[in-house]
Amino acid sequence: MTNEMKDKKLLEIKDLKVSFFTPVGEVKAVGGISYDLNYGEVMGIVGESGSGKSVEAYAIMGLLQSPGKVVGGSITFDGEDVLAKTSKEMQDFRGNSVSMIFQNPMTCLNPVYTVGNQLIEAVQCHNKVTKAQAKARAVEMLELVGINNPVRRMDQYPHEFSGGMRQRVMIAMGLICDPKMLIADEPTTALDVTIQAQIIELMKDIQKKTQMAIIFITHNLGVVAEVCDRVSVMYAGKIVEQGDVKDIFYHPHHPYTLGLLRSMPRVDAKEYERLIPIEGTPVDMLNPPVGCPFGPRCEHCMKICLRMEPPRIDLGNGHTSACWLLADEAKKEGTPNE
Ligand SMILES: Nc1ncnc2c1ncn2[C@@H]1O[C@H](COP(=O)(O)OP(=O)(O)OP(=O)(O)O)[C@@H](O)[C@H]1O
Ligand code: SF4
Ligand SMILES: [Mg+2]
């Protein structure tokens with residue numbers, strides 16, 4: 001890829017809002033998030049369970065299920081308005097432009113077809129090629145993801161593969177149509193630690209070879225440090241901090257990001273250094289707090305935080321933090337107990 005391409009925007013998300021209209025009320029699962037992703041760039045999305053990471057991904061892929069609905073904002077991919085696409089156009093979009101790999105590969109592989117047939121079908125569904133050409137491509141992809149004896153493995157069924165090998169097949173499936181962007185939603189959580197590390201190495205390798213853009217959703221900050229160029233930290237459906245991976249790890253600003261970093265096991269941690277979990281409970285998405293969503297759990301909470309949502313403040317170099325601590329006038333009001 002040329003440097004010129006690398007500076008070109010591939011994905012632009014502006015003020016995206018997704019709600020679930022449940023019998024007990026509206027759940028604002030994604031409450032207005034914005035970011036851009038350039039060609040070939042890897043964005044990590046981190047945040048605790050329920051923060052809206054998967055819902056955001058489903059919205060980009062057009063895979064939201066009722067009662068979930070995009071209620072605001074825009075998604076532009078390669079200059080095209082994704083939300084204006086028909087369902088047929090979305091199918092083409094999912095096959096040719098973006099792919100997604102999910103947490104549990106068994107939910108996406110059909111147990112009654114051989115792995116080869118499923119890969120061949122994925123190629124033929126989106127490209128006008130002969131069966132022999134599709135088969136050659138399938139074998140090539142299995143080889144790329146590190147599966148030995150790919151020709152023989154083509155005739156086997158998903159249950160004949162180990163968990164790690166199945167996840168490799170899913171990656172092959174995701175890459176087979178040469179997408180411009182891949183969304184990987186917790187692609188390794190179902191695997192044991194050694195296999196996780198191998199899959200992460202594989203994804204890094206493939207990213208280098210193919211130069212595709214990746215949105216990498218994970219709970220694991222170590223994976224983010226290893227794989228990503230930029231990071232978005234999500235809390236209660238919002239991006240609370242965003243920046244280059246180095247800025248997020250070495251100059252974190254938002255109290256929630258600091259909490260996440262403190263709760264992360266370090267490779268060099270001494271035995272007596274305990275991990276500090278973030279205190280308090282996650283937001284009740286049916287009744288979110290007024291003001292800053294992290295307010296009730298934040299040790300720096302000020303009066304203004306309980307009244308007004310903090311703006312996203314620019315710290316330079318694309319680093320932003322949505323926190324009142326950056327606004328001098330906010331501190332004048334003092335803390336809730338003052
Ligand atoms: N079918 C649904 N009906 C109602 N609310 C839903 C539904 N699916 C998701 N939500 C809401 O959307 C929020 C975000 O869910 P999402 O699956 O995106 O979380 P996540 O960040 O991917 O979490 P995890 O790390 O556990 O995968 C949840 O807190 C939940 O309130
Ligand atoms: S805005 Fe206030 S409550 Fe929210 S993270 Fe910043 S200091 Fe804490
Ligand atoms: Mg999820």
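As the structure lists them, so they are numbered: ligands from 1, and atoms in each ligand from 1. Only heavy atoms go into these numbers, but all of them, side chains included; no hydrogens, no water, no symmetry mates.
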Checking only N/O/S atoms, does Cys323 have one that is under 2.8 Å from atom 6 (Fe) of ligand 2? yes
Kindly confirm whether atom 8 (Fe) of ligand 2 is within less than 2.8 Å of some N/O/S atom in Cys298? yes
Would you mind checking if Arg94 and Asp92 are paired as a salt bridge, meaning a charged N to carboxylate O distance below 4.0 Å? no
For ligand 1, which is the ligand I care about here, please tell me if Gly52 has any N or O atom under 3.5 Å from one of the ligand's N or O atoms. yes
Can you report which non-hydrogen protein atom sits closest to atom 3 (N) of ligand 1, along with the distance? Phe20 CD2, 3.6 Å
Do Tyr250 and Asp244 have side-chain N/O donor and acceptor atoms under 3.5 Å apart? no
Counting only heavy atoms, tell me which of Gly50, Ser49, Gly47, Gly68 gets closest to atom 29 (O) of ligand 1. Gly50
Would Asp185 and Ser54 count as having a side-chain donor-acceptor pair, cut-off 3.5 Å? yes
Can you tell me which residue and heavy atom of the protein come closest to atom 15 (O) of ligand 1, and the distance to 0.1 Å? Val55 CG2, 3.7 Å
Answer whether the closest heavy-atom distance between the side chains of Pro158 and Gln118 falls below 4.5 Å. yes
Looking only at protein heavy atoms, what sits closest to atom 31 (O) of ligand 1 is Val27 CG1, 3.5 Å
Would you compute the distance between atom CG of Asn220 and atom OG1 of Thr188 and round it to the nearest 0.5 angstrom? 7.0 Å
Counting backbone and side-chain atoms alike, does Cys292 have an N/O/S atom under 2.8 Å from atom 4 (Fe) of ligand 2? yes
Test of ring centre spacing under 6.0 Å for Tyr113 and Tyr157: no
Protein contact to atom 2 (Fe) of ligand 2 [nearest heavy atom, distance to 0.1 Å]: Cys305 SG, 2.3 Å
Ignoring hydrogens and geometry beyond distance, is a side-chain donor-acceptor pair present between Glu241 and Thr257 at under 3.5 Å? yes
Check each atom of ligand 2 against the heavy atoms of Trp324 and keep those under 4.0 Å away; list them by number with element. 1 (S), 6 (Fe)
Quick note on ligand 1: atoms under 4.0 Å from a heavy atom of His219 include exactly 25 (O)
Atoms of ligand 1 close to Thr22 [distance to a heavy atom under 4.0 angstrom, numbered from 1]: 4 (C)
Output the list of atoms in ligand 2 that are nearer than 4.0 Å to some heavy atom of His254, sorted by atom number. 5 (S)
Identify, for atom 25 (O) of ligand 1, the protein heavy atom at the shortest distance, and state residue, atom and that distance. Lys53 NZ, 2.7 Å
When His254 is tested against each of Leu326, Thr320, Val240 for side chain to side chain contact (heavy atoms under 4.5 Å, CB included), which residue passes? Val240
Just wondering, are more than 12 heavy atoms of other shown residues or ligands nearer than 6.0 Å to NZ in Lys85? yes
Identify the closest protein heavy atom to atom 12 (O) of ligand 1: which residue and atom is it, and at what distance? Ala29 CB, 3.1 Å
Close-contact set for ligand 2 against Gly295 heavy atoms, below 4.0 Å: 3 (S)
Residues Glu80 and Lys180 bridged, charged N to O under 4.0 Å: no
Please determine if Ser51 has a nitrogen or oxygen closer than 3.5 Å to a nitrogen or oxygen of ligand 1. yes
Could you tell me whether Glu121 atom CD has more than 12 heavy atoms of other residues or ligands within 6.0 Å of it? no
Considering only the protein, which heavy-atom contact is closest to atom 17 (O) of ligand 1, and what is its distance? Ser54 CB, 3.8 Å
